[in-house]
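By convention in this document, chain letters (A, B, ...) are assigned in the order of the sequence lines, proteins followed by strands, and residues within each chain are numbered from 1.
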Number of protein chains: 2
Amino acid sequence: MMFSTKAEYGVRLMVHLARVDREEPVSLTAIAASEGLPLAYLEHLVASLRRAELVDSRRGAHGGYSLARAPEEITMAEVVAALEGGIAPIECIAADSEGEVVCSRETDGGEPCPTKLLWARVHGAIVGTLEDMTLSDLVRPAPRTAGDTTQPKVTV
Amino acid sequence: MMFSTKAEYGVRLMVHLARVDREEPVSLTAIAASEGLPLAYLEHLVASLRRAELVDSRRGAHGGYSLARAPEEITMAEVVAALEGGIAPIECIAADSEGEVVCSRETDGGEPCPTKLLWARVHGAIVGTLEDMTLSDLVRPAPRTAGDTTQPKVTV
DNA sequence: CGTCGATGATGTTTTCGACCAAAGCCGAGT
DNA sequence: ACTCGGCTTTGGTCGAAAACATCATCGACG
């Protein structure tokens, strides 16, 4: 299990929001009940999403949360990164401010640590697929026609 | 951080073994010292690798561990799966005995949970890259000419 | 002996989730 | 119109449980 329930619940929450009218905010209570998720926990997750400016909030009666942008404009990479606090398969691969991957074990000047290649590729694969998908892809589960990367039978 | 140090240390260990003569077992003590890793922890990891039949062991004086197969024959997917206990981005995507992905949330008969598509693709991307690489790819860090999936500048 | 092999103890960190007080917003009642 | 009360977010602390990383012990075996 490489992603925590933060990502799982958070994505579900976003999908839920993507399914309703953006003008009509949905309260966390409603989402928690409908999706069967713990309310108190969602409060934390949605806070991260708000800080990342992925959702808008409105308090008071008939308040709640709504998507900050159209579902087509929200990539899953943003969502997961906001929830999980960055996407890195391992400490070694932590993208710095400008996407550059730096390995702490790097003997600067000498040869890089050999395992870096592996994690860099894994990182690339994950980020790539995550960036290729938007919220709208999850709202209508119709398979995409082009560039479908759903993997065939792999036994692991 | 989606993989634990199990995967990191374990892969390092395997690379270490791949670099030496397979007929000459290396003791954990030597590896721990050379790689700067905690010996006691390595004992756990190497136990998993042995159960997965990825390494052979020889006890007694001048004993130690060695690769069970040639580096070209050992895919990183096997290594990571052995160390981490399976590869799944999330509980939802847990490959059963024969590679079939089953979602617990599946309302059987009804529509599948919409987030499944996302995690299935991520899972596929990870497993795919992991299966495309073998230990030998890490021994000689020479870049592969075909199918290089190293990702360009992505900011996440 | 030197090394593996199994098991269990331990301290730390992360997850997961509960709870609560403050503050903002809405609508109803006066 | 204005206030008041209830609904909701906001943000914080707190705690249990699990996972992680490590150490330690003891036996088996070559």
Side-chain angles (χ1 to χ4, degrees), chain A residues 1-13 17 23-68 80 83-86 88-92, chain B residues 1-13 17 23-33 35-68 80 82-86 88-92:
Chain A
M1 208 121 79
M2 344 174 40
F3 288 102
S4 65
T5 57
K6 285 182 190 163
E8 177 181 353
Y9 294 177
V11 168
R12 275 216 173 82
L13 191 153
L17 290 184
E23 304 308 312
E24 290 284 327
V26 188
S27 81
L28 277 196
T29 316
I31 299 182
S34 149
E35 301 279 337
L37 302 176
L39 167 64
Y41 195 36
L42 286 188
E43 293 174 3
H44 286 300
L45 305 186
V46 85
S48 306
L49 293 170
R50 206 181 57 87
R51 275 190 289 272
E53 300 186 30
L54 293 173
V55 298
D56 283 338
S57 65
R58 206 163 80 194
R59 12 182 152 192
H62 299 63
Y65 293 91
S66 54
L67 255 39
V80 173
L83 290 164
E84 216 62 40
I90 212 168
E91 191 198 0
C92 190
Chain B
M1 209 120 80
M2 343 175 40
F3 289 102
S4 64
T5 57
K6 285 181 190 162
E8 176 181 353
Y9 294 178
V11 168
R12 274 212 174 84
L13 190 154
L17 290 184
E23 303 309 311
E24 290 285 327
V26 187
S27 81
L28 277 196
T29 317
I31 298 182
E35 300 280 336
L37 302 176
L39 167 63
Y41 195 35
L42 287 189
E43 292 175 2
H44 285 302
L45 305 185
V46 85
S48 307
L49 294 170
R50 206 180 56 87
R51 274 189 291 272
E53 301 187 30
L54 294 173
V55 299
D56 282 338
S57 65
R58 205 160 83 192
R59 17 183 152 192
H62 299 63
Y65 293 92
S66 55
L67 254 39
V80 173
L83 291 164
E84 225 43 58
I90 212 168
E91 191 199 1
C92 190

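Atom CZ in Phe3(B) sits roughly 16 Å away from atom C1' in dA19(D) (whole-Å rounding). Computed from coordinates, the Leu28(B) CG to dT3(C) P distance equals 10 Å when rounded to whole Å. Going from atom CG of Leu49(B) over to atom C1' of dC4(C) covers 14 Å, rounded to whole Å. Taking atom CZ of Arg51(A) as the reference point, atom P of dT9(D) lies 15 Å away to the nearest angstrom. We find that NZ of Lys6(B) is positioned 7 Å from C1' of dC20(D), with the value rounded to whole Å. For the pair Tyr65(B) OH and dG2(C) C1', the computed distance is 13 Å after rounding to whole Å. Leu17(A) places its CG atom 11 Å from the P atom of dT9(D), with the value rounded to the nearest Å. In this structure, His62(B) places its NE2 atom 8 Å from P of dT3(C), rounding to the nearest Å.
Toward the 5′ end of DNA chain D lies the nearest nucleotide of Gly60(A), the other residue of the pair Gly60(A) and Ala47(A) mapping further downstream. DNA chain C is contacted by both Arg58(A) and Thr5(A); Thr5(A) maps to the nucleotide lying nearer its 5′ end (nearest heavy atom per residue).
Of all nucleotides listed (dT10(D), dT8(D), dG17(C)), dT8(D) comes nearest to the side chain of Ser27(A).
Residues Leu28(B) and Tyr65(B) have side chains in contact (heavy-atom distance under 4.5 Å, counting atoms from C-beta outward). Within the 4.5 Å cutoff, the side chain of Leu37(B) has no heavy atoms near those of the Ile31(B) side chain. Contact check for Lys6(A) versus Tyr41(A): side-chain heavy atoms found under the 4.5 Å cut-off. A heavy-atom distance below 4.5 Å is not found between the side chains of Asp56(A) and Leu67(A).
A donor N or O paired with an acceptor N or O is found under 3.5 Å between the base of dT9(D) and the side-chain atoms of Arg59(A). The base of dA6(C) has none of its N or O atoms less than 3.5 Å from a complementary donor or acceptor on the side chain of His44(B).
When the side-chain nitrogen and oxygen atoms of Ser4(A) are compared with OP1 and OP2 of dC16(C), one or more of them lie within a distance under 4.0 Å. Dashed line: the shortest gap from a side-chain N or O of Tyr41(B) to OP1 or OP2 of dA21(D) is under 4.0 Å. Residue Ser57(B) has a polar side-chain atom (N or O) positioned under 4.0 Å from OP1 or OP2 of dG5(C).
Taken from CZ in Phe3(A) to CD1 in Ile90(B), the straight-line distance is 8.0 Å, to the nearest 0.5 Å.
Ala40(B) comes within contact range of at least one nucleobase, with a heavy-atom separation under 4.0 Å.
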